[in-house]
There are 2 protein chains.
Amino acid sequence: MYRTHTCGELRIEHQNQTVTLSGWVQKVRNLGAMTFIDLRDRYGITQLVIEEQSDSSVREIAAQLGREYVIQATGTVIPRAAKNTKIPTGEIEVALTQLQILNRSELPPFTIEEHSDGGDDLRMKYRFLDLRRKPLQEAMQLRHRMAHEVRNYLDEHGFLEIETPYLIKSTPEGARDFVVPSRMNPGEFYALPQSPQTFKQLLMVSGFDRYFQIVRCFRDEDLRADRQPEFTQIDCEMSFVEREDVLQVFEGLAKRLFQRILGLQFEHSFPRITWQEAMAKYGSDKPDIRFGMTFNDLTSAVQGKGFGVFDSAEYVGAICVEGCAGYTRKQLDELTEFVKRPQVGAKGMVYVRCEANGGYKSSVDKFYTPEDLSSWASLCGAKEGDLLLLLSGARMKTLTALNELRLELGNRLGLRPHDTFAPLWVVDFPLLEWDEETQRFYAMHHPFTSPCLEDLELFDTDPGKVRANAYDFVVNGVEVGGGSIRIFDAQLQQKMFKVLGFTAEDAQKQFGFLMNAFRYGAPPHGGLAFGMDRWCALFGGADSIRDYIAFPKNNAGRDMMADSPSSISEAQLQELSLKTMPSDKSDK
Amino acid sequence: MYRTHTCGELRIEHQNQTVTLSGWVQKVRNLGAMTFIDLRDRYGITQLVIEEQSDSSVREIAAQLGREYVIQATGTVIPRAAKNTKIPTGEIEVALTQLQILNRSELPPFTIEEHSDGGDDLRMKYRFLDLRRKPLQEAMQLRHRMAHEVRNYLDEHGFLEIETPYLIKSTPEGARDFVVPSRMNPGEFYALPQSPQTFKQLLMVSGFDRYFQIVRCFRDEDLRADRQPEFTQIDCEMSFVEREDVLQVFEGLAKRLFQRILGLQFEHSFPRITWQEAMAKYGSDKPDIRFGMTFNDLTSAVQGKGFGVFDSAEYVGAICVEGCAGYTRKQLDELTEFVKRPQVGAKGMVYVRCEANGGYKSSVDKFYTPEDLSSWASLCGAKEGDLLLLLSGARMKTLTALNELRLELGNRLGLRPHDTFAPLWVVDFPLLEWDEETQRFYAMHHPFTSPCLEDLELFDTDPGKVRANAYDFVVNGVEVGGGSIRIFDAQLQQKMFKVLGFTAEDAQKQFGFLMNAFRYGAPPHGGLAFGMDRWCALFGGADSIRDYIAFPKNNAGRDMMADSPSSISEAQLQELSLKTMPSDKSDK
């Protein structure tokens, strides 16, 4: 062993002990008579000191040191003259008697500090150096602890972690698969799994009634910001359960993580709201309930007074922004600009200032009397000093825009702090989504999601109204997980495929081996999956998942460190019975 | 929840309780007045009974039941008239008051019993049914517990589990990569990792001084029996350590697993033998030391007496087979046939019977005096009643053949019981392997394995003699794990590449990004990896890893259940800028 202690370990109790430390040189301060070295490892930083009377060989070696050199240092623990209360080892330093350079370092391309001076691309290229920085060291430790707590909890609850294959069958449904050519079966391909969905359902058929896996998943999507081609799921499934059983178990898991990782105790059950309510009150199926500002439907209150925009709108909704009646013209213009951005898509915004004197000022004063405005305020629960903001138009579109406005105001008003957590379950999603373009229904979750049994009759009359027995776990406006009770009845499954426009042949081709399995006694089952990367980022207080993945890809799906993907040899292609073709995307 | 208890849970203490169970119908016995149902789930089997006086609806449903139907049954726990001492629930049965069919089952293609009547291929095709069988249920549970214990131990010892990417850069060195075409980077490919070797070394450079990962690895090899294209490793690496530190930590891990999984306590350190000694005494770098029968070098003792075969041999070795002097001519002929098989490769076998009367009988009597034979016997420590078996020829070839003979005899004599475990470390492997065909050295482990520092001088004079600072963990003749201390010094690495015949350009191309990383302060480090599948099979007492993998591939790399790999659509190929070519392997 190259050390007796780590750089985060020594305290005043170790005084007079001879210790050996190893680590990286964070900083050298040569004060002439004395030289101080900050030595860093994963556990912390310890100050080394070389005094005037130190051995000349030690002083000579110290003179050669540069940033990020790897050294081994032996000496005596002594109290510091000037304590550093910012670090746990700040009461001591180590007076060196021996010093050895284990490895030199070229000057790193950016500083290895809490806040680096390196740009994004440079830090991606030198990821191995960026990972030395404290925020990333802590991110990896958080991730390890999260995974470990998840496994302990699920093990305690009788779940078995069962590994499912990564080389699986390609199916055309859903997102695009990454494929893997098979050399031994020329012209044929494996696919990398988008999720182990089929396998976990097969495991239920096999009788493993509580399964989980922390597992890599792959999606060949055009990458939006903060998407990765490979990502990690906590994938779970249970048999002989109903929705309530699933929610109980995984609410327990979430509470365990909140408690063990963040020290937060949630005494009560997490709130549950239906998808309908989430849309009506927040305009989102993943509402951020850290703050209020829920929507008020003013449609009937505002219509019939001659204001054409409102009169012709399917929906008029308002949020009440507390204490913001004093917003300036400029601030209101900014918000109007915000809602008119194409990503938000509103045509305009109406405001009502509920002034301190009991009066109202609005951008639609000429259509509405003070009594009208007062009635709106009272419908919204607004009091003096509050600001009402109204959007109008087609219902879903307006709800969605109002959601963006609400979140923007939440940000501006500091109502979305990283260290406050508001978990909830969103339930009763629609089973099907109508696609105008292809004129067909799509499964909102996946084709094995069970409808709510009380809605079965609607299947034949109004499929769009059928609710799914599905649920999402949402924290702070982030969808952390989701799942459903599955269809285990063959006839219901046929019905579902029919509504989705699958021919029997299509269904057989794509899901044949699962449907085949279901013929031999499938138990009632359901489950869910959590996004591991996202959950870590959320707990770490970060917006991006990238820092919670040791070696992420950039937005073009490239590993900038290894410079991958890359071309392979002709011989390799030939073995795979493949030819690459000139691409039409010449401007990639 | 569809049940109040599992099928493995009820005992006589539950008498008179009303319970609900769910599971699969293992067997129905209709005795006219009474019907008995064996209900099975992952936890066990419980007997249900329907009596003459039971509700007629219950009796009607019971009459419909077939094997593998999924049912939910409610009733009262009563003591059994005839106890079944073979199962933990054997003291009770459940007298049914309610019975519901949750799902029907077609007749399964083979019996779901401890020993199935289904053939290999059929069981692979219906893997989801095979997995219902007790041996496979137990295999998955063993695997879960192994992984869980590994993680707990390593977590306690300060290791972080860090996930490394599955879409990595393809490198031509080593076994063949599976590759993944990149749609977003036409003509370019990712590779699936053969191991996270490079990434774990980068993590050491990043300062994560104790890393592990239970991780899938991929090798596109022509599959021999019991190889899988995807397999799982327990992959570990440590910084600031020497060999002894690594062995201590992982010997501790192995002991923990022996204790927690198998209830076996190993008080003493595991034996360590050098590769030289392993070859000389066992003819194998993974010796099975559950039994003796080690090799005796008789080369000088047997030469110069006119027996040309021995006189011209580089090496003559003998094993002493205790108490087997009575082997018949037929038995000896069988062994001779065995060693002459091409896989073993000996030309012939010489025997010496050490008879009960103190005499010797040998197949080479005419060349050697009884005194000669007696001296051989004494060199081999043979006593009256033992049998000596001698092989001769080129040294390494003969040692290897003698190893096969020794293992064969171990099997025949019952010296290799599945429930006895003899772990050891094999150390000091050769660093390099000379390949006659290409006339160059290859790295026996990989190009980053450090030589033993005391052998550095040999590098320039006799590279073949340089020992690697490498170690294997071997149990019962199975290589369970292996690893090495790595080179972290850039100059030594250059030297290594030179000996391996890499040009600076080659080295840069293949290992550039790791070598680049090493320029910024690499710590001394080393590690190892265990074969998870193999270790599970070993602990489970099985010869094949296949039963410890939930969804394995067959020997042609096919998933027979999903019928994968399979062809993909033209559109998909086009998106990937790929064309498949007619294969020359038309007889696949």
Side-chain angles (χ1 to χ4, degrees), chain A residues 1-3 22 42 68 70 103 105-106 108 128 131-132 140 144 148 155 160-162 165-167 169-170 178 180 182-190 202 205-207 209 216 220 230 240 245 513 517 519-523 550-551 557 561-562 564-568 577-581 583, chain B residues 1-3 22 24 42 68 70 103 105-106 108 128 131-132 140 144 148 155 160-162 165-167 169-170 178 180 182-190 202 205-207 209 216 220 230 240 245 513 517 519-523 550-551 557 562 564-568 577-581 583:
Chain A
M1 197 70 98
Y2 284 76
R3 61 188 175 197
S22 288
R42 167 183 143 198
E68 301 305 319
V70 186
N103 225 338
S105 171
E106 294 185 14
F128 52 89
L131 281 169
R132 284 189 193 160
M140 294 304 121
H144 165 75
H148 199 66
D155 179 68
L160 298 181
E161 184 161 23
I162 299 178
Y166 281 122
L167 296 173
K169 193 184 175 82
S170 182
F178 281 106
V180 181
S182 166
R183 180 181 55 88
M184 300 222 279
N185 304 275
E188 298 191 335
F189 293 78
Y190 303 98
L202 285 173
V205 175
S206 298
D209 58 354
R216 202 71 54 83
D220 185 11
E230 48 178 317
F240 302 117
D245 306 309
F513 79 103
R519 283 159 41 205
Y520 295 95
F551 299 102
M561 184 181 63
S564 160
S566 54
S567 57
I568 59 174
S577 312
L578 283 183
K579 242 193 165 90
T580 55
M581 294 186 302
S583 158
Chain B
M1 196 70 97
Y2 283 78
R3 62 189 173 195
S22 287
W24 286 263
R42 167 183 144 198
E68 302 305 319
V70 186
N103 224 336
S105 172
E106 294 185 13
F128 52 89
L131 281 169
R132 283 188 193 162
M140 293 305 122
H144 165 75
H148 199 65
D155 178 68
L160 298 181
E161 184 160 26
I162 300 177
Y166 281 122
L167 297 173
K169 192 185 176 80
S170 182
F178 281 106
V180 181
S182 166
R183 179 180 55 87
M184 298 222 280
N185 304 275
E188 298 191 333
F189 293 78
Y190 303 98
L202 285 173
V205 175
S206 298
D209 58 354
R216 203 71 53 84
D220 185 10
E230 48 178 317
F240 301 118
D245 307 309
F513 79 104
R519 284 159 42 207
Y520 295 95
F551 299 102
S564 160
S566 54
S567 58
I568 59 175
S577 312
L578 283 182
K579 243 194 162 89
T580 56
M581 293 186 305
S583 157

*Asks:* Please classify the contact of L578(A) with chain B as side chain, backbone, both or neither, using a heavy-atom distance under 4.5 Å.
*Replies:*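 Interface part for L578(A): both.
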
*Asks:* Can you name the residues that form a side-chain hydrogen bond (donor to acceptor under 3.5 Å, both in side chains) with S182(A), not counting sequence neighbours?
*Replies:*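 In terms of side-chain hydrogen bond (donor to acceptor under 3.5 Å, both in side chains), with neighbours along the sequence ignored, S182(A) is linked to N185(A).
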
*Asks:* Taking the side chain as every heavy atom from C-beta outward, state whether P565(A) and Y190(B) have any pair of such atoms under 4.5 Å apart.
*Replies:*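 With C-beta onward as the side chain, the pair touches.
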
*Asks:* Considering only heavy atoms and a distance below 4.5 Å, find which of A550(A), S22(A), S567(A) pairs most often with chain B.
*Replies:*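 Max contact count across the listed options: S22(A).
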
*Asks:* Considering only heavy atoms and a distance below 4.5 Å, find which of F551(A), Y520(A), F178(A) pairs most often with chain B.
*Replies:*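 With the most close heavy-atom pairs to chain B, the winner is Y520(A).
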
*Asks:* Which region of D245(B), side chain (C-beta onward) or backbone (N, CA, C, O), has a non-hydrogen atom less than 4.5 Å from a non-hydrogen atom of chain A, or is it both or neither?
*Replies:*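 Side chain of D245(B) only, per the 4.5 Å heavy-atom cut-off to chain A.
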
*Asks:* Which pair of heavy atoms, one from R42(B) and one from G207(A), lies closest together, and at what distance?
*Replies:*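 Closest approach of R42(B) to G207(A), heavy atoms only: CB-O, 3.3 Å.
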
*Asks:* For the atom pair CD (E106(A)) and CZ (R519(B)), what is the distance rounded to the nearest 0.5 Å?
*Replies:*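 Reported value, rounded in 0.5 Å steps: 4.0 Å.
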
*Asks:* What closest approach, in Å, do P165(B) and R216(A) show between heavy atoms, and which atom pair accounts for it?
*Replies:*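 Taking P165(B) first and R216(A) second, the nearest heavy atoms are CA-NH1, 3.6 Å.
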
*Asks:* Which one of E161(A), M561(A), H148(A) has the most heavy-atom pairs closer than 4.5 Å to chain B?
*Replies:*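 Most pairs with chain B among the choices: H148(A).
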
*Asks:* Which residues satisfy the side-chain contact (heavy atoms from CB on, under 4.5 Å) test with S206(B), sequence neighbours excluded?
*Replies:*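 If we apply the side-chain contact (heavy atoms from CB on, under 4.5 Å) test to S206(B), skipping adjacent residues, the hits are F128(A), L131(A), F208(B).
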
*Asks:* Looking at T580(B) and G187(A), what are the two nearest heavy atoms and their distance?
*Replies:*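 Scanning both residues, the minimum pair turns out to be CG2-CA, 4.1 Å.
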
*Asks:* Under 4.5 Å from any heavy atom of chain A, what part of I162(B) do you find: side chain, backbone, both or neither?
*Replies:*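 Just the side chain, heavy atoms under 4.5 Å.
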
*Asks:* Which of the residues K169(B), R3(B), E68(B), H144(B) is involved in the greatest number of heavy-atom pairs with chain A at under 4.5 angstrom?
*Replies:*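 Among K169(B), R3(B), E68(B), H144(B), the one with the most close pairs to chain A is H144(B).
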
*Asks:* At a heavy-atom distance under 4.5 Å, which candidate from S170(B), P108(B), A522(B) has the highest pair count against chain A?
*Replies:*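 Of the candidates given, the most pairs with chain A belong to A522(B).
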
*Asks:* If every non-hydrogen atom of R132(A) is compared with every non-hydrogen atom of V205(B), which pair is closest and at what distance?
*Replies:*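 Scanning both residues completely, I find the closest heavy atoms to be NE-O, 2.7 Å.
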
